[in-house]
Protein chains: 2
Amino acid sequence: MARTPQDVTDAELAVLQVLWDAGPLPIRRITEVLYPAGKPAQYATVQKLLERLEAKQCVTRDRSMPTHVFRAAIDRDDLVGRRLQAVAEKLCGGSWTPLLTHLVANQSLSEADRDLLRALIQEQAPKPRRRKESA
Amino acid sequence: MARTPQDVTDAELAVLQVLWDAGPLPIRRITEVLYPAGKPAQYATVQKLLERLEAKQCVTRDRSMPTHVFRAAIDRDDLVGRRLQAVAEKLCGGSWTPLLTHLVANQSLSEADRDLLRALIQEQAPKPRRRKESA
DNA sequence: AGCCTGTCAGACAGTACGTCTGAAAAAGAG
DNA sequence: CTCTTTTTCAGACGTACTGTCTGACAGGCT
């Protein structure tokens with residue numbers, strides 16, 4: 001029975017978080033954030049993590065300068081989507097409804113959350129009449 | 001940097017799915033479902049998977065008969081919740097709002113889904129007057 | 001008694017993954 | 001020009017995870 005490796009591992013995610021917060025950055029800067037009082041070897045750890053993220057197409061590398069600069073190629077919401085997709089596929093036969101139901105029924109939503117949801121649902125409803133709207 | 005092992009692995013999940021669908025069941029029955037044309041050794045595979053699930057408190061074992069019977073101790077919605085919790089914690093600082101936003105804004109919801117969501121949201125709204133309700 | 005089924009327990013092997021070493025090139029400083 | 005530091009490139013290492021398997025023992029059935 002096949003296993004599913006992680007789309008992004010914990011250590012890779014830590015690198016992505018740094019790039020989301022402060023990217024694009026070179027390896028040295030990322031290492032300084034992740035390992036503030038770090039060992040020299042940890043430069044190589046971040047290097048390896050970036051190599052794997054590049055292979056997974058989660059980061060891109062700008063080689064135009066001698067010191068390469070890395071940028072996240074997926075954003076936080078992309079990854080949230082992938083993770084939610086994985087949960088839907090593995091547990092609910094691909095259906096999103098149980099995830100929605102779980103989130104809405106099982107969490108104490110704030111008034112702001114409820115308002116936001118109503119607005120989003122409204123956004124999705126088919127419009128009774130098509131109007132020209134500015135882009 | 002610590003790794004997070006899976007709460008339930010793919011193979012363990014396959015066992016749980018069988019128990020959700022047709023449990024409670026003994027090992028032999030579970031093995032027949034998971035490995036229809038299976039090797040004798042796969043009895044031991046399922047055995048080991050059940051042992052690990054028991055240790056994780058995801059299944060319970062009824063030892064009152066010579067042939068032990070296994071039952072899921074968490075249901076599908078429990079596991080959905082755990083997985084969603086994990087996504088919220090790792091990607092959104094624990095907040096559910098981005099997950100909700102992603103699900104509602106990024107999926108083509110059916111009319112039935114929208115109606116369901118409106119009802120659930122309504123359910124969550126504070127009632128204008130508190131009434132005694134039977135438990 | 002022999003065979004089959006089930007439990008109990010541990011071991012195995014491959015993969016994942018965070019970490020590290022080493023060679024080579026280039027930049028910086030004196 | 002020489003030496004040091006930084007960076008890239010490439011691979012290896014070690015531990016844990018995880019799916020799978022072996023073996024001993026007990027009990028039921030024929």
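So that the names make sense, note that chain A is the first sequence line, chain B the second, and so on, each numbered from 1.
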Colleague: With nearest nucleotide decided by heavy atoms, which residue, A:Arg29 or B:Asp10, maps closer to the 5′ end of DNA chain D?
Modeller: A:Arg29
Colleague: Look only at the side chain of A:Arg76 and the backbone of B:Leu91, and say whether a donor-acceptor pair between them is shorter than 3.5 Å.
Modeller: yes
Colleague: OP1, OP2 of D:dT18 versus side-chain N and O of B:Gln6: anything below 4.0 Å?
Modeller: yes
Colleague: Given atom CZ of B:Arg52 and atom P of D:dC21, what is their separation to the nearest angstrom?
Modeller: 13 Å
Colleague: Nearest to the side chain of A:Pro5 - C:dC8, C:dC17, C:dA27?
Modeller: C:dC17
Colleague: May I ask whether B:Val15 and B:Tyr35 are part of the same hydrophobic cluster, defined by side-chain heavy atoms of I, L, V, M, F, W, Y residues being less than 4.5 angstrom apart, directly or through others?
Modeller: yes
Colleague: Just how far, in rounded Å, is C1' of D:dT18 from NZ of B:Lys56?
Modeller: 9 Å
Colleague: Could you tell me the separation between the NZ atom of A:Lys39 and the P atom of D:dT6, rounded to a whole number of Å?
Modeller: 18 Å
Colleague: Quick check on C:dC8: is either OP1 or OP2 less than 4.0 Å from any side-chain nitrogen or oxygen of B:Arg63?
Modeller: yes
Colleague: Do A:Leu50 and A:Val46 touch side chain to side chain, with heavy atoms closer than 4.5 Å?
Modeller: yes
Colleague: Is A:Arg28 close enough to D:dT6 that one of its side-chain N or O atoms is under 4.0 Å from OP1 or OP2 there?
Modeller: no
Colleague: Using atom CD of B:Gln47 as one end and atom P of D:dA24 as the other, report the distance to the nearest whole Å.
Modeller: 16 Å
Colleague: Answer with base, sugar-phosphate or nothing: what part of the nucleic acid does A:Ala44 contact at a heavy-atom distance below 4.0 Å?
Modeller: base
Colleague: For the side chain of A:Glu89 and the backbone of A:Ala86, is there at least one donor-acceptor N/O pair under 3.5 Å apart?
Modeller: no
Colleague: Give the rounded distance in Å between these two atoms: CG of B:Leu49 and P of D:dC21.
Modeller: 11 Å
Colleague: Reckon B:Arg3 has a side-chain N or O less than 4.0 Å from the OP1 or OP2 of D:dT18?
Modeller: no
Colleague: Out of D:dG19, C:dC20, C:dT7, which nucleotide sits closest to the side chain of A:Gln42?
Modeller: C:dC20
Colleague: Atom CD of A:Glu54 and atom C1' of D:dT8: how far apart are they, to the nearest Å?
Modeller: 12 Å
Colleague: For A:Leu34 and C:dC20, give me the distance from atom CG to atom P, rounded to whole Å.
Modeller: 14 Å
Colleague: DNA chain C: B:Glu51 or A:Thr45, which has the more 5' nearest nucleotide?
Modeller: B:Glu51
Colleague: If you assign each of A:Pro66 and B:Pro26 to its closest nucleotide in DNA chain C, which residue comes earlier from the 5' end?
Modeller: B:Pro26
Colleague: Expressed as a whole number of angstroms, how long is the span from A:Met65:CE to C:dA25:P?
Modeller: 22 Å
Colleague: Could you check whether any side-chain heavy atom of A:Phe70 comes within less than 4.5 Å of a side-chain heavy atom of A:Thr60, counting everything from C-beta outward?
Modeller: no
Colleague: So what does A:Lys48 touch, heavy atoms closer than 4.0 Å: a base, only the sugar-phosphate, or nothing?
Modeller: base
Colleague: OP1 or OP2 of D:dC17 less than 4.0 angstrom from a side-chain nitrogen or oxygen of B:Thr9, does that happen here?
Modeller: no
Colleague: Could you see if A:Val18 belongs to whatever hydrophobic cluster contains B:Met1? Use Ile, Leu, Val, Met, Phe, Trp, Tyr and a side-chain cutoff under 4.5 Å.
Modeller: yes
Colleague: Taking OP1 and OP2 of D:dC21, is either one under 4.0 Å from a side-chain nitrogen or oxygen of B:Tyr43?
Modeller: no
